[in-house]
Amino acid sequence: MAYNFSKIEKKWQEKWESSSVFKAFEDDKKKYYQLEMFPYPSGRIHMGHVRNYSIGDVVARFKRMQGYNVLHPMGWDSFGLPAENAAIKHGIHPNKWTLENIEDMREQLKGIGLSYDWSREVTTCQPDYYKWTQWIFIQMYNKGLAYKKNYAVNWCPSCETVLANEQVIDGKCERCDSEVGKKELDQWYFKITDYAQRLLDDMDKLEGWPEKVKSMQTNWIGRSEGAEMNFEIKDSSEKLNIFTTRPDTIYGVTYMVLAPEHHLVDELVKGTEYEEKVQKFKKKIETMSDIDRTSTDVEKEGIFIGRYAINPLTKKEIPIYIANYVLIDYGTGAVMAVPAHDQRDFEFAKKYDIEITQVISEDGKEIKNLSEAYINKGVMINSDKFNGLSSDEVKSKIIKHIEDLKIGNKTVNYRLRDWLISRQRYWGTPIPMIYCDDCGIVPIPEDSLPVLLPTDVEFTGKGESPLLTSGKFVHTNCPKCGKKARRETDTMDTFVDSSWYFLRYTDPNNKDEVFDKSKAKYWMKVDQYIGGVEHAILHLLYARFFTKVLYDMDLSPVDEPFKDLLTQGMVLKDGAKMSKSKGNVVSPEEIVNNYGADTARLFVLFAAPPARDLEWNDQGVEGCYRFLNRVYRLVDETRDIYKNYKNSDMKKLDKRDKEFNYSIHNTIKKVTEDVDERFNFNTAISGIMELVNDTNKFKENLSNDTKKALLAESIETIIVLLAPFVPYLTEELWSMIGHTESVHSIKWLKYDKKALVKDEVEVVIQINGKLRDKIMVSSDVSKEELEKIALKSEKVKEFVKGKSVRKVIVIPNKLVNIVAN
RNA sequence: GCCGGUGUGUCGGAAUUGGCAGACGACCGCGACUCAAAAUCGCGUGCUAUAAUGGCGUGUGGGUUCGAGUCCCACCACCGGCACCA
């Protein structure tokens with residue numbers, strides 16, 4: 001008979017709920033803030049959620065049993081496109097759709113037995129939350145960290161909205177995979193570039209973060225050191241400002257290249273014979289998609305614009321080109337070209353027959369007929385007073401030289417761009433700004449926040465904000481002068497909402513402040529944050545940025561939000577991520593209905609270590625279910641022995657008793673360390689499985705009271721160690737054996753060090769490093785004695801026959817290696 | 001091209017400090033129980049030769065060591081990030 005999981009799970013879920021055991025209060029106990037990334041309320045939970053939240057729940061329950069004051073909250077990242085699309089498609093208002101989904105998903109999450117403090121639930125689409133998102137926006141605006149600019153932005157034609165750089169993956173929309181185009185628009189930005197260096201530097205503090213995530217963020221920020229320099233243009237008062245990482249190659253600059261969009265191009269060719277050709281070339285490049293343009297296999301192509309710059313050090317006139325391989329977005333959009341020492345410039349110079357001047361050589365001699373750019377370090381040549389020096393030391397000398405000449409300076413360039421946050425959609429936090437003809441851009445006064453989303457809008461799915469269709473919303477009065485004014489109709493990127501929710505959890509119901517700093521001080525940082533690696537750049541970078549901004553405003557008590565980070569792997573089936581289109585989805589509901597939530601949890605925790613991808617396996621689920629049934633039967637069969645013998649004295653332990661006692665305490669040690677130090681839930685569970693197997697064997701022979709007492713101890717150990725993993729079953733078993741308090745509120749077990757001292761140990765005997773025999777010896781035997789015993793072994797005698805023993809390595813209680821030849 | 005990660009049975013994976021490779025689970029095979037099946041329980045299960053004792057084996061090649069999945073060097077494959085980035 002299988003145990004009745006549905007009855008058990010329902011019973012305990014109700015009990016836990018009515019007793020609100022998982023509520024967190026600030027007190028003087030040591031705190032632990034366990035957080036998993038909150039979900040988008042799509043309406044259905046998937047296996048990724050089950051995995052993410054099960055991992056977090058194990059940690060929360062474990063830390064609680066260890067005596068920590070645990071904060072384990074849950075909420076909803078509930079603004080976003082699917083709600084709006086549902087409105088367009090089915091005519092349901094996004095608010096209704098979202099709130100109903102939240103109701104459904106909350107029930108599903110509760111079903112999995114997650115120990116959340118639901119009284120702290122935050123919902124980003126509700127005014128009591130987004131009021132503070134707007135408030136933070138205004139603080140950022142006042143500090144100059146939120147600003148508006150006109151720029152060629154990423155535009156997703158399918159989502160009909162703009163995208164941040166971080167949301168464009170390989171030229172495609174992160175959400176819908178459509179090819180992203182460019183559009184000139186007036187948009188709101190956050191000045192994340194001001195924080196580029198701190199975001200980079202403070203990664204040193206993130207010791208508990210995976211290397212992978214830190215490396216991804218480092219790549220994304222893309223710092224490079226170099227110099228900025230002005231080149232004079234012949235017959236013009238304008239100067240060409242360039243960025244280079246190779247100031248050591250300045251004497252080798254033989255031409256200049258500008259991005260076709262560079263602001264000086266039009267002016268430089270105006271009225272010249274080159275104007276027409278240059279404009280034609282510009283048109284051609286502009287019509288290319290970003291994907292084509294940035295592909296490395298596209299041939300380098302450019303055109304001479306008929307003007308010359310002056311190399312400031314050689315004073316030579318050098319031609320100015322525009323070319324497809326120079327990007328307006330990076331550096332200054334202008335490049336000093338050094339064909340001898342840069343492969344792209346080399347290919348370009350060959351194609352257009354431009355002079356190539358070597359300035360760095362391997363041995364001080366010029367290479368005849370260069371066949372490719374020489375990109376290594378070396379000895380300077382053709383560089384006037386720098387000749388003969390190493391290119392390495394010349395870098396700083398030349399920077400100093402150009403600084404002295406006041407034509408340039410040392411500088412650092414980042415790939416990171418400012419964060420574009422306006423979206424032309426309805427279902428997001430309204431940007432709390434007003435446009436007045438007289439006063440310009442005016443923030444909403446703080447006491448009239450929140451700016452509520454209007455309800456009288458049309459969902460057309462067309463490329464402008466639906467908020468424009470609400471006359472009541474758009475038309476307002478200027479808070480400064482009182483004249484008629486217009487509201488901002490764009491909403492914020494939903495990543496703004498999720499950039500500070502972890503702070504709001506520390507004080508979620510505060511009506512007067514974004515959060516109470518003393519509460520935040522008690523709970524922050526998040527001790528353990530868990531979520532998918534797909535957020536390595538987007539959410540995790542934005543959240544770090546926001547925390548630093550709030551820290552600088554003296555609001556946040558910490559300048560980094562997450563102490564330790566775990567990026568859990570994906571749930572795969574048949575080697576691919578579960579997805580509707582591939583038809584390889586296993587619904588959590590189905591597993592919970594057929595096997596119970598405990599089995600679902602146990603499987604996702606047991607099948608792979610948390611950070612790795614998990615391959616779904618129906619037979620593996622069955623295996624976990626069988627195991628839980630075995631545990632149930634074991635406890636059921638021995639419950640009376642437990643009740644009668646749990647506190648009886650253990651007299652003399654025989655050999656088998658000692659082994660079993662060792663097994664019990666070694667399992668406590670292993671599970672504690674696996675969960676606490678290594679997050680190896682899979683091996684923690686396998687350790688408990690071994691103890692269950694051993695207990696089943698041990699119970700076959702209970703010939704005296706000591707053995708019964710040992711069995712009772714083992715039963716108790718199994719239930720307590722399993723509690724964080726399978727909360728329902730363990731709660732049931734705990735009450736079955738006569739306890740009235742919850743197993744989840746008792747103290748975690750401590751192992752008995754004495755039980756781990758063995759009288760006798762198995763020692764491995766190797767000959768020349770190969771295993772040849774195993775012997776049992778008393779654990780206090782001396783090194784010398786152990787060596788003697790080993791050499792007496794029959795097998796050893798056989799193997800060393802005719803050889804002489806050169807050396808014997810003895811590791812007490814472990815191994816003897818005999819070297820013989 | 002640069003950066004990061006991963007390579008172990010048929011499969012998921014274990015080996016935590018350089019010390020018995022393959023724990024635990026799945027799969028498969030055999031047996032017990034049963035009229036029978038399911039469930040359950042027990043045994044076996046890296047490859048290979050064998051009557052037995054053996055030989056080989058952690059992506060490849062080398063090295064250090066009494067001893068290497070683990071450390072060092074060189075490479076290969078796969079996954080992920082960045083990338084005409086000046």
Side-chain angles (χ1 to χ4, degrees), chain A residues 1-2 169-170 210-224 226 242-246 249 257 259 293-301 323-327 329-338 342-345 347-348 375 413-415 533-534 536-537 572 602-603 606-609 611-624 626-627 629-630 633 670 673-674 677-678 680 682-690 692-693 696-697 762-774 795 798-799 806-811 814-820:
Chain A
M1 261 282 283
I169 313 290
D170 293 331
E211 230 20 77
K212 179 161 92 169
V213 174
K214 288 195 269 187
S215 138
M216 282 164 78
Q217 292 205 354
T218 306
N219 286 342
W220 186 257
I221 295 168
R223 180 184 203 271
S224 55
I242 61 95
F243 171 73
T244 181
T245 55
R246 295 293 303 274
T249 62
V257 207
R293 199 168 154 196
T294 54
S295 145
T296 34
D297 354 295
V298 165
E299 200 178 337
K300 285 154 197 48
E301 209 181 335
N324 58 351
Y325 76 92
V326 175
L327 308 172
D329 269 351
Y330 185 78
T332 60
V335 175
M336 59 172 226
V338 189
D342 179 283
Q343 190 56 26
R344 286 159 312 183
D345 296 347
E347 284 165 26
F348 193 85
I375 53 172
N413 217 329
Y414 301 93
R415 215 193 64 94
V533 75
E534 66 273 17
I537 295 172
L572 311 176
L602 189 69
F603 174 74
F606 177 61
R612 269 209 238 177
D613 286 349
L614 183 155
E615 175 71 33
W616 186 265
N617 179 341
D618 291 327
Q619 273 100 35
V621 178
E622 297 259 5
C624 288
R626 277 201 291 269
F627 168 70
N629 274 301
R630 251 192 328 269
R633 279 196 304 273
K670 182 189 166 53
E673 289 170 0
D674 276 352
E677 292 160 28
R678 292 182 284 271
N680 287 351
N682 54 331
T683 54
I685 293 165
S686 76
I688 302 169
M689 286 173 169
E690 283 179 83
V692 170
N693 292 344
N696 268 317
K697 278 184 199 132
E762 190 181 61
V763 169
V764 167
I765 303 181
Q766 298 181 333
I767 293 164
N768 296 332
K770 288 215 162 92
L771 174 71
R772 295 300 179 190
D773 200 6
K774 292 175 184 181
K795 293 226 176 112
E798 213 175 290
F799 272 98
R806 303 275 169 204
K807 197 173 176 185
V808 182
I809 287 109
V810 182
I811 314 285
K814 224 170 208 169
L815 151 152
V816 178
N817 188 15
I818 298 160
V819 185

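Every chain is numbered from 1 and lettered A, B, ... according to where its sequence line falls, protein lines coming before strand lines. Predicted model only: the values in this text are computed from it and were never measured.
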Scan [X] against the nucleic acid and name what it touches under 4.0 Å (heavy atoms): base, sugar-phosphate only, or nothing.
| X | answer |
| --- | --- |
| Asn324(A) | base |
| Val326(A) | base |
| Pro210(A) | nothing |
| Arg223(A) | nothing |

Distance between [atom1] atoms of [N] and [M] (Å, rounded):
| N | M | atom1 | value |
| --- | --- | --- | --- |
| A52(B) | U58(B) | P | 26 Å |
| C24(B) | C43(B) | P | 11 Å |
| U45(B) | A77(B) | P | 37 Å |
| G19(B) | C71(B) | P | 11 Å |
| A23(B) | A15(B) | C1' | 8 Å |
| U40(B) | G22(B) | C1' | 28 Å |
| G12(B) | G67(B) | P | 33 Å |
| G29(B) | G61(B) | C1' | 39 Å |

What is the distance, rounded to the nearest whole Å, between atom [atom1] of [X] and atom [atom2] of [N]?
| X | N | atom1 | atom2 | result |
| --- | --- | --- | --- | --- |
| Asp613(A) | G12(B) | CG | P | 12 Å |
| Trp220(A) | G80(B) | CH2 | P | 17 Å |
| Lys214(A) | G4(B) | NZ | P | 12 Å |
| Tyr325(A) | C84(B) | OH | C1' | 8 Å |
| Glu673(A) | U16(B) | CD | P | 12 Å |
| Ile765(A) | G67(B) | CD1 | P | 18 Å |
| Ile537(A) | C3(B) | CD1 | P | 17 Å |
| Asp674(A) | A15(B) | CG | C1' | 12 Å |

Testing C85(B), G80(B), U16(B) for proximity to the side chain of Met216(A), the answer is G80(B)
Of the listed G13(B), A86(B), C3(B), the closest approach to the Pro609(A) side chain comes from G13(B)
Just by modelled atom types, is the [Y] backbone N or O under 3.5 Å from a matching donor or acceptor in the [X] side chain?
| X | Y | result |
| --- | --- | --- |
| Asp773(A) | Lys795(A) | no |
| Asn617(A) | Gln619(A) | yes |
| Asn324(A) | Glu299(A) | yes |
| Asp342(A) | Asp345(A) | yes |

At less than 4.0 Å, is any side-chain N or O atom of [X] found next to OP1 or OP2 of [N]? Yes or no.
| X | N | answer |
| --- | --- | --- |
| Arg633(A) | C41(B) | yes |
| Lys770(A) | C56(B) | yes |
| Lys807(A) | C66(B) | yes |

### Message
Can you confirm whether the side chains of Asn413(A) and Ser224(A) place a donor and an acceptor under 3.5 Å from each other?
### Response
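Result is no, nothing qualifies.
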Enumerate, atom names and distances included, each donor-acceptor pair closer than 3.5 Å involving a side-chain atom of residues 213-222 of chain A, sequence neighbours excluded.
| unit_1 | atom_1 | unit_2 | atom_2 | d |
| --- | --- | --- | --- | --- |
| Lys214(A) | NZ | Leu206(A) | O | 2.9 |
| Gln217(A) | OE1 | Arg544(A) | NH1 | 2.8 |
| Gln217(A) | NE2 | Ala536(A) | O | 2.9 |
| Thr218(A) | OG1 | Lys214(A) | O | 2.7 |
| Asn219(A) | ND2 | Ser215(A) | O | 3.4 |
| Trp220(A) | NE1 | Glu166(A) | OE2 | 2.9 |

Assert: residue with more 5' nearest nucleotide on RNA chain B, out of Ala608(A) and Thr245(A), is Ala608(A)
- [ ] Could you say whether Ala607(A) or Asn768(A) is positioned toward the 5' end of RNA chain B, judged by the nucleotide with the nearest heavy atom to each?
- [x]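 Of the two residues, Ala607(A) wins.
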Residue set satisfying salt bridge (Lys or Arg N to Asp or Glu O under 4.0 Å) with Arg223(A), at least two apart, ordered chain then number -> Glu225(A)
The salt bridge (Lys or Arg N to Asp or Glu O under 4.0 Å) partners of Glu301(A) (sequence neighbours excluded) come to Lys284(A)
Secondary structure of RNA chain B per the Watson-Crick/G-U criterion (both distances under 3.5 Å; [ ] crossing, | other strand, . unpaired) is (((((((..(((......[....))).(((((.......))))).(((.....)))..(((((..]....))))))))))))....
| said: Let's test your reading of the model: under 3.5 Å, does the base of C84(B) pair with the side chain of Lys300(A) as donor and acceptor? | reply: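 Counting by modelled atom types and ignoring angles, a donor-acceptor contact under 3.5 Å is found here.
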Report the glycosidic orientation of G44(B): syn if within 90° of 0, anti in every other case.
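You should classify G44(B) as anti.
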By ring-ring contact (aromatic ring centres under 6.0 Å, His included), Phe348(A) pairs with (sequence neighbours left out) Tyr255(A), Tyr321(A), Tyr325(A), Tyr352(A)
Looking only at heavy atoms, the pair that brings Met336(A) and Arg246(A) closest together is CE-O, 3.7 Å
Check your understanding: Taking it one step at a time, do Val764(A) and Leu771(A) satisfy side chain to side chain contact (heavy atoms under 4.5 Å, CB included)?
Key -> CA-CA 7 Å; Val764(A) 167; Leu771(A) 174 71; 3.2 Å; yes
What do you reckon, is CD1 of Ile375(A) surrounded by more than 12 foreign heavy atoms closer than 6.0 Å? no
Heavy-atom contacts, protein to nucleotides 18-29 of chain B, under 4.0 Å, summarised as B (base), S (sugar-phosphate only) or - (none) per nt, yield -BB--BBSSS--
